[in-house]
Amino acid sequence: MISLRDIALALTGVSMLLSLSTASYAASFDCEAKTLQPDEKAICDIRTLNDADVKMVTTFDLLSGLMAMGARGTLQDEQTAWLKKRQACGADTSCIKAAYDERLLQLDSTYKKINRPL
């Protein structure tokens, strides 16, 4: 059985290949913007954090498409709360990495709880 994590990894690889020929972007924001926050600057500067951003956004988008409208709203609220937590890390790269690791675990857990036909 293919897991959401496998799908996200595949899409991350495709996204990374596509990004080689484009301007500097993380998955969720423009790295060339003049108003980047400290956490965003760190994500743009450090490839592993950028990759984590790509994976998180890809996973979030996939989950959003699988959920009913009410659950999708809850997922969005959780994402907004998580973003505030990531922003509170400032430029602390270990804090940012921990935030992504935690969020990806939460998204994986959410995926496992989705009812699907056998």
Side-chain angles (χ1 to χ4, degrees):
M1 180 170 152
I2 297 175
S3 71
L4 180 60
R5 181 168 286 166
D6 294 335
I7 294 169
L9 285 172
L11 289 174
T12 298
V14 171
S15 296
M16 288 178 3
L17 287 173
L18 292 174
S19 71
L20 292 175
S21 63
T22 62
S24 179
Y25 288 90
S28 57
F29 54 89
D30 178 359
C31 287
E32 301 296 324
K34 293 180 184 189
T35 58
L36 289 177
Q37 298 299 311
D39 62 316
E40 294 170 329
K41 288 178 186 176
I43 293 163
C44 291
D45 291 343
I46 299 172
R47 183 61 179 235
T48 56
L49 294 178
N50 194 314
D51 291 350
D53 190 66
V54 169
K55 185 175 179 179
M56 186 277 304
V57 168
T58 303
T59 304
F60 177 82
D61 287 345
L62 285 169
L63 268 176
S64 292
L66 294 173
M67 301 183 97
M69 192 173 295
R72 194 174 311 138
T74 299
L75 186 68
Q76 181 62 49
D77 291 344
E78 293 169 352
Q79 187 74 3
T80 300
W82 172 81
L83 183 57
K84 289 177 184 176
K85 182 177 181 177
R86 187 198 76 193
Q87 289 170 335
C89 290
D92 181 345
T93 57
S94 62
C95 178
I96 296 168
K97 181 184 179 321
Y100 276 107
D101 290 346
E102 179 184 339
R103 185 63 178 144
L104 285 165
L105 284 173
Q106 291 169 343
L107 293 173
D108 189 50
S109 175
T110 299
Y111 173 73
K112 289 177 182 176
K113 293 175 186 173
I114 294 175
N115 290 331
R116 45 193 173 274
L118 299 175

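Throughout, residue positions are numbered sequentially from 1 according to the sequence presented.
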Checklist entry - In Å and rounded to the nearest 0.5 Å, what is the CD to CG distance from Glu102 to Leu107? => result 10.5 Å
Next on the checklist: So, taking the atom named CD1 in Ile96 and the one named CG in Asp101, what distance separates them when rounded to the nearest 0.5 Å?
Outcome noted: 12.0 Å
Checklist entry - Is the closest basic N to carboxylate O distance between Asp53 and Arg86 below 4.0 Å? => result yes
Next on the checklist: Just verifying a value: how many Å separate Leu66 CG and Leu75 CG, rounded to the nearest 0.5 Å?
Outcome noted: 10.5 Å
Item to check | Full working for side-chain contact (heavy atoms from CB on, under 4.5 Å) between Thr93 and Thr48 | outcome: CA-CA 10 Å; Thr93 57; Thr48 56; over 6 Å; no
Item to check | Straight-line distance of Asn50 CG to Cys44 SG, nearest 0.5 Å | outcome: 6.5 Å
Checklist entry - With sequence neighbours excluded, what pairs up with Ser94 under the side chain to side chain donor-acceptor pair (under 3.5 Å) test? => result Asp92
Checklist entry - Residues in side-chain contact (heavy atoms from CB on, under 4.5 Å) with Thr80, at least two apart? => result Gln76, Lys84
Next on the checklist: Checking Phe60 now: which residues fulfil ring-ring contact (aromatic ring centres under 6.0 Å, His included) with it, not counting sequence neighbours?
Outcome noted: none
Checklist entry - Is there side-chain contact between Met56 and Gln79, with heavy atoms separated by less than 4.5 Å? => result yes
Checklist entry - Are any of the side-chain heavy atoms of Tyr111 and Thr59 separated by less than 4.5 Å? => result no
Checklist entry - Taking 4.0 angstrom as the limit, do Asp51 and Lys55 come out as a salt bridge? => result no
Next on the checklist: In the structure I gave you, are the side-chain heavy atoms of Leu63 and Ile114 within less than 4.5 Å of one another anywhere?
Outcome noted: yes
Item to check | Lys41: salt bridge (charged side-chain N to carboxylate O under 4.0 Å, His left out) partners, not counting sequence neighbours | outcome: none
Checklist entry - Do Leu49 and Lys97 come close enough that some side-chain heavy atom pair is under 4.5 Å? => result yes
Checklist entry - Which pairs with one or both residues in residues 76-99 pass ring-ring contact (aromatic ring centres under 6.0 Å, His included), sequence neighbours excluded? => result Trp82-Tyr100
Item to check | Over all atoms of both residues, closest heavy-atom pair of Pro38 and Ala91 | outcome: CB-N, 3.8 Å
Checklist entry - From Cys31 SG over to Ile43 CD1, what is the distance, rounded to the nearest 0.5 angstrom? => result 8.5 Å
Checklist entry - Any side-chain heavy atom of Arg103 within less than 4.5 Å of one from Lys85? => result no
Next on the checklist: To the nearest 0.5 Å, what is the distance between CD on Gln37 and CD on Gln87?
Outcome noted: 6.5 Å
Next on the checklist: Quick check: do Asp108 and Leu104 have side-chain heavy atoms less than 4.5 Å from each other?
Outcome noted: no
Checklist outcome for this item: Quick note, disulfide (SG to SG under 2.5 Å) partners involving residues 79-115, not counting sequence neighbours, are Cys89-Cys95
